[in-house]
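Just so you know, these numbers use all the heavy atoms, side chains as well, and skip hydrogens, waters and symmetry mates.
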Amino acid sequence: MMYNAQFEQPQGLVYPDVTYIEPFAIPRHWVRIIGIDPTYGGPDEFAAVWITYDPFEPETWYIYREFYLSCQPRLDAPDQPWRSPHEMLDAIFEMSVVEDYNGREFTPTGERENISRIFSDTPDVVMYLQGKFRDSSVYQADKRMEGLFEVGSLLKTGQLLVFNNLINWQFEQTNYIYDIGEFGEAITKNRGKPLDRNNHLMDGTRYAVCQCDEARNLAEPSFG
């Protein structure tokens with residue numbers, strides 16, 4: 001893997017241990033959760049991750065879909081239209097459908113996904129999502145940074161796996177770092193707060209995964 005055109009793993013990666021896997025069709029009965037890190041219309045990325053939970057042993061989480069787009073047109077994409085935050089949330093809603101996978105690409109079936117929980121850190125986004133995802137429970141996310149260590153532990157132990165077609169998630173993961181001191185060491189003071197960049201999908205992941213115990217309680221298989 002390339003680390004932003006570097007041949008070696010950067011110093012101070014927040015999540016140095018990640019296992020990427022080949023995508024597969026998510027069974028319909030698995031619990032699905034969305035974590036959203038929104039913006040207010042500027043050049044930063046409006047991000048969302050979809051995470052599913054396999055309720056059977058060894059009880060594994062999978063990050064299987066991403067949304068990553070700025071509301072404001074980027075310099076390298078001048079033809080990109082301006083999009084409001086609500087348009088971004090509408091797009092996330094439209095993407096939340098069951099998909100079949102043929103080994104090469106996903107094909108939407110037109111069937112709505114059963115999204116159990118949605119987490120975002122912005123109150124007005126939460127209110128909008130409550131009206132959009134009427135069959136889902138939408139909550140304001142817990143922004144405490146302690147979730148970094150929970151996500152890191154799940155990634156390291158292979159309990160949280162990532163589809164290898166999520167190129168934006170891979171980019172952020174390989175560039176999401178702690179500050180580096182003058183001697184090249186990672187500065188992890190203040191309970192390990194990373195630099196505030198390359199963190200939109202990372203934050204969405206943390207918002208969703210930090211409620212993993214709650215999602216696990218929901219994971220009663222239904223084959224009807």
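With Tyr101 as the partner, the ring-ring contact (aromatic ring centres under 6.0 Å, His included) test is satisfied by one option alone out of Phe106, Phe24, Tyr64: Phe106.
Criterion: ILVMFWY side-chain heavy atoms under 4.5 Å apart, direct or through other members. Under it, Tyr15 and Phe149 are part of a common hydrophobic cluster. Cluster annotation: Val97 and Leu129 are assigned to distinct hydrophobic clusters (Ile/Leu/Val/Met/Phe/Trp/Tyr, side-chain heavy-atom contacts under 4.5 Å, transitive). Hydrophobic cluster membership differs between Met127 and Val125, with clusters built from Ile, Leu, Val, Met, Phe, Trp and Tyr side chains linked at under 4.5 angstrom.
In terms of modelled atom types and a separation under 3.5 Å, the side chain of Thr109 and the main chain of Val98 share a donor-acceptor contact. When atom types are taken as modelled, the side chain of Thr52 and the backbone of Val31 share a donor-acceptor pair closer than 3.5 angstrom.
Annotation for Asn102: atom CG counts as buried by contact number, over 12 foreign heavy atoms lying within 6.0 Å.
Cation-pi geometry between Arg112 and Phe93 is met: the NZ or CZ atom falls under 6.0 Å from the ring centre, inside 45° of the normal.
Between Tyr68 and Trp169, the distance from one ring center to the other does not fall under 6.0 angstrom.
Ion pairing between Glu113 and Arg28 fails under the 4.0 Å rule for side-chain N and carboxylate O. Salt bridge absent: Glu150 and Arg206 never bring a charged side-chain N and a carboxylate O closer than 4.0 Å.
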Any chance you could lay out the side chain to side chain contact (heavy atoms under 4.5 Å, CB included) test for Tyr139 and Arg117, step after step, and finish with the verdict?
CA-CA 8 Å; Tyr139 298 101; Arg117 297 286 188 270; 3.3 Å; yes

Criterion side chain to side chain contact (heavy atoms under 4.5 Å, CB included) on Phe163 and Tyr20, from CA distance to verdict:
CA-CA 6 Å; Phe163 280 13; Tyr20 292 97; over 6 Å; no

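Checking Tyr207 against Asp121 by side-chain atom types alone, a donor-acceptor pair falls below 3.5 Å.
Nearest heavy atoms, Ser84 versus Cys71: C-SG, 4.2 Å.
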